[in-house]
Amino acid sequence: MKNPTKVITGKDTCWSFANVWEPKSMNGGTPKYSVSLIIPKSDTVTIGKIKAAIQAAYEEGASKLKGSGKSVPPLAAIKNPLRDGDVDRPDDAAYEDAYFVNANSPTAPGIIDADKNPILNRSEVYSGVYGKAAIHFYAFNVNGNRGIACSLDNLMKIRDGEHLGGKTSAEDDFATEDDDDFLN
């Protein structure tokens, strides 16, 4: 039986803020693995699947979202994990003409290449690579803070991309270095 809250993103999803090797704590919270998944607005199939999964998580988590209130708040009134990069990150070119979801998990995601082989070399996965992500959505209600969250399950790297954040590789930095200038 297919899980209606689970989505496999398209191959043109760019991974940003890829903290997938070591869990990190945000604001003193539980350390988690995380990634921001940037999905081009032109990938209407993935966006449609995400919207349907969010709706399924909303319906599945209705009693949790209702809490001690008299009714379930409308989906538009609670936190939504699907965000518009043009609105929420207007000064970041990587998010231009794209939607994004921030996915995280307390357990490490499986990370494979396009041939389904495990990726063991950490330098192969960085902010800026493209690949698919297996994610699922769920409702939360913590101290009156209600919404739908996105959990990170697994990642499949499809291809390299430009490093986000301006980081270059050692090979690129020293590709045209003149040996005479190196010691000066």
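Just so you know, residue 1 is the first one in the sequence shown, and it goes up from there. Not measured: the values here are computed from a predicted model.
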Item checked: Gln55/Lys51 under side chain to side chain contact (heavy atoms under 4.5 Å, CB included): CA gap, chis, key distance, verdict -> CA-CA 6 Å; Gln55 182 65 41; Lys51 287 179 177 179; over 6 Å; no

Could you tell me whether the side chain of [X] and the main chain of [Y] form a donor-acceptor pair under 3.5 Å?
X      : Y      : value
Thr46  : Gly10  : yes
Ser25  : Gly29  : yes
Asn154 : Ala134 : no
Ser36  : Ser16  : no

Margin query: Going by salt bridge (Lys or Arg N to Asp or Glu O under 4.0 Å), name the residues that satisfy it together with Asp43, two or more places apart in sequence or in a different chain.
Written below: none

Note to self: Tell me every residue that passes salt bridge (Lys or Arg N to Asp or Glu O under 4.0 Å) with Lys32, counting only those two or more places apart in sequence or in another chain.
What the structure shows: none

Pairs touching [range] that satisfy ring-ring contact (aromatic ring centres under 6.0 Å, His included), sequence neighbours left out:
range            : answer
residues 69-95   : Tyr95-Phe100
residues 107-146 : Tyr126-His163
residues 51-71   : none

Single-linkage hydrophobic cluster [X]~[Y], side-chain heavy atoms < 4.5 angstrom:
X      : Y      : answer
Leu37  : Ile119 : yes
Val7   : Ile112 : no
Met156 : Tyr33  : no
Met26  : Leu152 : no
Ile54  : Val101 : yes

Next item on the list: State the CG-CD1 distance between Asn80 and Ile50, to the nearest 0.5 angstrom.
Entry: 10.0 Å

Check: Hey, what do you get for CD1 (Ile39) to OG1 (Thr9), rounding to the nearest 0.5 Å?
Finding: 6.5 Å

What are the two closest heavy atoms between [X] and [Y], and how far apart are they?
X      : Y      : result
Ile148 : Pro81  : O-CD, 3.2 Å
Pro73  : Ile78  : CG-CG2, 3.6 Å
Ile47  : Pro40  : CG1-O, 4.3 Å
Val129 : Lys157 : CG1-CE, 4.0 Å
Ser34  : Asn104 : CB-CB, 3.8 Å
Ser151 : Ala103 : C-CB, 4.2 Å

Margin query: Going by side chain to side chain donor-acceptor pair (under 3.5 Å), name the residues that satisfy it together with Asn121, two or more places apart in sequence or in a different chain.
Written below: Ser123

Next item on the list: Check the pair Leu82 / Cys150 against side chain to side chain contact (heavy atoms under 4.5 Å, CB included), numbers first and verdict last.
Entry: CA-CA 9 Å; Leu82 182 63; Cys150 181; over 6 Å; no

Margin query: Which residues pass the side chain to side chain contact (heavy atoms under 4.5 Å, CB included) test with Glu162, not counting sequence neighbours?
Written below: none

Check: Can you check side chain to side chain contact (heavy atoms under 4.5 Å, CB included) on Val125 and Ile111, steps first, answer last?
Finding: CA-CA 9 Å; Val125 177; Ile111 306 171; 3.8 Å; yes

By the salt bridge (Lys or Arg N to Asp or Glu O under 4.0 Å) test, which pairs, at least two apart or in different chains, include something from [range]?
range            : result
residues 8-29    : Asp12-Arg159, Glu22-Arg122
residues 86-109  : Lys41-Asp86, Arg83-Asp88
residues 107-117 : none
residues 69-80   : none

Notebook entry, point to check: Going through the checks in order, is the side chain to side chain contact (heavy atoms under 4.5 Å, CB included) test met by Thr13 and Lys132?
Noted result: CA-CA 6 Å; Thr13 301; Lys132 296 180 178 185; over 6 Å; no

Next item on the list: Give me the other members of the hydrophobic cluster that Leu120 sits in, counting Ile, Leu, Val, Met, Phe, Trp and Tyr linked by side-chain heavy atoms under 4.5 Å, directly or via other members.
Entry: none

